[in-house]
Amino acid sequence: MATLKEDIKAQSEWIVKAFEADGFKLDGSIDSIIEVDRFFTQNMKNGKPKKGGRLYGKGFGPKLFSIGSYVGETIIKNVKGTEWITDDNDPQGELNVSLKLPNDGEIWPIQKVMKRFQNGSEDAIYPYVHLVTKEFTNLPFKEEFWALIAETDKSEQTKPWWKFW
């Protein structure tokens with residue numbers, strides 16, 4: 001039986017290939033996290049998986065775990081001294097894994113991906129990852145992200161904001 005850290009590594013590698021098959025390029029850079037948000041934009045509508053999309057139906061939990069694994073592995077790759085904190089004896093281990101940053105900060109990438117799934121673009125992943133890594137990477141924020149969010153908000157708007165009923 002594989003350890004949780006081994007599962008994370010394997011699932012991260014798997015999701016890179018799965019995303020590539022759909023035209024998303026995950027190259028291990030912080031900026032590639034925009035592709036993760038773009039994936040959610042294309043596969044979700046009004047807070048629910050689109051029919052026929054990659055998250056539709058049962059069994060999306062492992063996909064979210066794989067996406068969260070990629071997010072965490074990307075942070076590890078770009079922020080030296082970052083490591084997974086796992087507990088193979090925890091029955092909820094896949095949900096409770098965290099990353100310890102070199103500044104002693106702790107973040108939960110898999111939980112963040114789940115929040116993105118549940119709450120939509122208001123819990124976008126790229127701004128979160130950029131914020132927690134910028135002191136280590138000094139990367140500028142990619143403004144193209146806002147166009148993606150505008151596209152998401154436009155596709156999710158079901159009625160004008162001034163109509164409350």
Side-chain angles (χ1 to χ4, degrees), residues 2-45 49-50 52-56 59-86 94-95 97-103 105-156:
T3 67
L4 195 46
K5 284 184 183 180
E6 291 168 338
D7 285 345
I8 288 168
K9 188 82 164 159
Q11 291 308 302
S12 175
E13 291 169 2
W14 176 82
I15 204 69
V16 169
K17 292 174 187 165
F19 269 46
E20 187 177 321
D22 284 346
F24 299 100
K25 184 168 174 43
L26 299 181
D27 62 10
S29 69
I30 297 296
D31 292 343
S32 74
I33 302 298
I34 292 172
E35 290 288 276
V36 173
D37 280 308
R38 192 165 70 86
F39 169 82
F40 279 103
T41 297
Q42 290 186 6
N43 287 280
M44 303 285 293
K45 184 171 178 128
K50 287 182 182 176
R54 293 292 184 186
L55 296 171
Y56 188 72
F60 56 78
K63 292 174 189 171
L64 297 179
F65 175 79
S66 297
I67 295 167
S69 296
Y70 173 78
V71 170
E73 287 290 307
T74 298
I75 294 169
I76 287 171
K77 179 180 177 184
N78 289 277
V79 179
K80 302 299 179 224
T82 301
E83 63 181 346
W84 285 108
I85 306 299
T86 63
E94 292 90 358
L95 299 175
V97 296
S98 63
L99 286 179
K100 184 165 180 151
L101 300 167
N103 63 1
E106 192 171 0
I107 60 172
W108 291 261
I110 293 166
Q111 289 183 20
K112 180 63 179 173
V113 167
M114 291 176 66
K115 286 182 180 181
R116 175 64 166 95
F117 176 78
Q118 292 169 342
N119 300 329
S121 62
E122 72 183 59
D123 267 313
I125 300 165
Y126 173 71
Y128 171 79
V129 170
H130 183 269
L131 180 67
V132 299
T133 62
K134 73 178 181 178
E135 78 176 87
F136 308 105
T137 64
N138 293 317
L139 292 171
F141 188 88
K142 292 287 187 183
E143 296 299 321
E144 67 196 55
F145 172 77
W146 297 119
L148 172 69
I149 292 302
E151 178 185 323
T152 302
D153 292 344
K154 183 177 162 187
S155 72
E156 289 185 359

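Computed over heavy atoms, backbone and side chain alike; hydrogens, waters and symmetry mates excluded. All residue numbers refer to positions in the sequence shown, counting from 1. Just so we're clear, the structure is a prediction, and the values are computed from it rather than from any experiment.
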Which residues share a side chain to side chain donor-acceptor pair (under 3.5 Å) with Ser32, sequence neighbours left out
Tyr70

Side chain to side chain donor-acceptor pair (under 3.5 Å) partners for Thr137, two or more places apart:
none

Roughly how far, to the nearest 0.5 Å, is [atom2] of [Y] from [atom1] of [X]?
X: Lys5; Y: Trp84; atom1: NZ; atom2: CH2; result: 10.0 Å
X: Lys25; Y: Glu20; atom1: NZ; atom2: CD; result: 7.5 Å
X: Leu95; Y: Gln111; atom1: CG; atom2: CD; result: 6.5 Å

Smallest separation among heavy atoms of [X] and [Y], with atom names:
X: Tyr126; Y: Pro140; answer: OH-O, 3.9 Å
X: Val71; Y: Val129; answer: CG1-CG2, 3.7 Å
X: Leu99; Y: Pro109; answer: CD1-CG, 3.8 Å
X: Gly105; Y: Asn103; answer: N-OD1, 2.9 Å
X: Ala2; Y: Asp7; answer: CB-OD1, 3.3 Å

Can a donor-acceptor pair be found, under 3.5 Å and without considering hydrogens, that links the side chain of [X] to the backbone of [Y]?
X: Arg116; Y: Asp37; value: yes
X: Lys63; Y: Arg54; value: yes
X: Glu6; Y: Thr3; value: yes

Considering only heavy atoms from C-beta outward, does the side chain of [X] approach that of [Y] to under 4.5 Å?
X: Ile125; Y: Ile34; answer: no
X: Tyr128; Y: Ile33; answer: no
X: Thr82; Y: Pro102; answer: yes
X: Ile107; Y: Ile75; answer: yes
X: Ile76; Y: Glu83; answer: no
X: Val113; Y: Phe117; answer: no
X: Glu94; Y: Ile110; answer: no

Name the orientation class of the two ring planes belonging to Phe145 and Phe141 (parallel below 30°, tilted from 30 to 60°, perpendicular beyond 60°).
perpendicular

Can you classify the ring geometry of Phe39 versus Phe24 as parallel (below 30°), tilted (30 to 60°) or perpendicular (above 60°)?
perpendicular

Any side-chain donor-acceptor pair under 3.5 Å between Asp123 and Gln118?
no

Evaluate whether atom CZ of Arg38 has more than 12 neighbouring non-hydrogen atoms of other residues, nucleotides or ligands under 6.0 angstrom away.
yes

Are the charged groups of Lys142 and Asp31 less than 4.0 angstrom apart, N to O?
yes

Begin from the C-alpha positions of Leu26 and Val36 and carry the test side chain to side chain contact (heavy atoms under 4.5 Å, CB included) through to its verdict.
CA-CA 8 Å; Leu26 299 181; Val36 173; 4.1 Å; yes

Stepwise, does the side chain to side chain contact (heavy atoms under 4.5 Å, CB included) test hold for Thr74 with Lys77?
CA-CA 5 Å; Thr74 298; Lys77 179 180 177 184; 5.6 Å; no

Side-chain polar contacts of residues 8-17 - donor-acceptor pairs under 3.5 angstrom, sequence neighbours left out - could you list them?
{"from": "Lys9", "atom 1": "NZ", "to": "Glu73", "atom 2": "OE1", "distance (Å)": "3.4"}
{"from": "Gln11", "atom 1": "OE1", "to": "Ser66", "atom 2": "OG", "distance (Å)": "2.7"}

